[in-house]
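In what follows, every chain begins at residue 1, and chains take the letters A, B, ... in the order their sequences are listed. Just so you know, these numbers come straight off a predicted model, no measurement behind them.
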There are 2 protein chains.
Amino acid sequence: MTDGRYDYLRDPAAIYAESFAAIEREADLSVVPEDLRPLAVRVIHACGMTDAVHDLAADPHAVSAARAALAAGHPVLTDVEMVARGVISRRLKGPVVCTLKRPEVDIIAHRHGTTRSAAAVDLWRDKMFGAVVAIGNAPTALFRLLELLHEGAPRPAVILGFPVGFVGAVESKEALIEDAPKLGVPFITLRGRRGGSAMAAAAVNALAAPLSVEQEERR
Amino acid sequence: MTDGRYDYLRDPAAIYAESFAAIEREADLSVVPEDLRPLAVRVIHACGMTDAVHDLAADPHAVSAARAALAAGHPVLTDVEMVARGVISRRLKGPVVCTLKRPEVDIIAHRHGTTRSAAAVDLWRDKMFGAVVAIGNAPTALFRLLELLHEGAPRPAVILGFPVGFVGAVESKEALIEDAPKLGVPFITLRGRRGGSAMAAAAVNALAAPLSVEQEERR
């Protein structure tokens, strides 16, 4: 590209390197355990906010559990198509499953008087054992997942809880932090209202490959 | 749903109403023009951050231009699949187009020494006239779009600029704010590093329907 009108970095590998360098410079990554830092960097990269690292909360076994599950080809279960689109599928051995558009969802949602996102979680049961769950949008999906686990549903390998918003996001993530250990399921989450599909997808991508891969793949 | 373990709002319409009420309560929407407020609410809703309203910048004609273009069935052009997934397509009369996975993209990116996201914009030319452009990820895509417009490419109806991150996001959005008026193209953007596909999709969704529709559609 020789157009000199705008002076901007065009080389993909250089952009990644410079982005990650800026994050390492500005974010206090020391507030999270070492094995969580690559995920923290990817989540910060996805949202443009270095202070997000302070809201990360995780079970000490979550990263290793997630990496093992993905390496073994277990599925990624997600509440929204946007997460499925944001996940770099060539890094995964297993499928990414979003049940939100299944025809039964409307019926379950109507019967239970709940959201379609929560109803869609009821369709995860037979895929839940050992799976990586990535909630990238709906607090009700995270609440429903916790309810099913209390009722004895199969244990996923890890829950990545990144619902976003003003109603239930804070509360569902605090419930995750409090109850997931009792339920025997490792978790990674971002406290507060912030979250969303880009962060959830970034978390999955971080757990599916080392950071160095980002730059290499884009050379 | 009668499970009493968690006390949370399950009714979709009530969740939307309560979310929008919280945003109206907490966000200083008076800092943006009245016709931009429904979009501001949707963008805030997508990211969970009320202070985002202070970073919104827009041409005074942008909202009406975007609404007219969408009503006329002009396409939505986007840099990432995640935006395409987040757009509520039943509200649109035209298609949502993302050229990122077209086979020519790798060749153009390699030839120009740029990102795939920027290269994909080169494939928009024949669809650009009158379109709603929604950049939800890559600063290089926004820079490339501005370059093409400087070179005389067909004018889109509006540019929704929501690239995110640490390298080029700030700069590409400032370039948009400065140059779009000279280029004769209305714009809406979010200053700073924040942005992303969820906000870009929320902006499109806001422009494609009045806010009241959110609640009605989910009853």
Segment of B/Ala46 engaging chain A (4.5 angstrom heavy-atom cut-off):
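Backbone of B/Ala46 only, per the 4.5 Å heavy-atom cut-off to chain A.
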[X] to [Y] - nearest heavy-atom pair and separation:
| X | Y | result |
| --- | --- | --- |
| A/Ser197 | B/Met82 | OG-CE, 3.7 Å |
| A/Val167 | B/Leu9 | CG1-CD2, 3.9 Å |
| B/Val164 | A/Gly48 | CG2-N, 3.9 Å |
| A/Tyr8 | B/Arg144 | OH-N, 4.0 Å |

Can you list the residues of residues 174-189 of chain B that sit under 4.5 Å from chain A, counting heavy atoms only?
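Residues B/Ala175, B/Asp179 are the ones that qualify, each having a heavy atom under 4.5 Å from chain A.
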Within the 4.5 Å heavy-atom criterion, are [X] and [Y] side-chain neighbours or not?
| X | Y | result |
| --- | --- | --- |
| A/Arg193 | B/Met49 | no |
| A/Ile44 | B/Phe166 | yes |
| A/Cys47 | B/Arg194 | no |

In Å, rounded to the nearest 0.5 Å, how long is the span from OG1 of A/Thr114 to CD1 of B/Ile15?
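Spacing of OG1 (A/Thr114) from CD1 (B/Ile15) equals 6.5 Å.
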How many angstroms lie between CZ in A/Arg85 and CD in B/Glu81, if you round to the nearest 0.5 Å?
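Rounded to the nearest 0.5 Å, the CZ-CD separation comes out at 4.5 Å.
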According to the interplanar angle, ranging from 0 to 90°, do the rings of A/Phe143 and B/Tyr6 count as parallel (below 30°), tilted (30 to 60°) or perpendicular (above 60°)?
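Ring orientation, 0 to 90° scale: tilted.
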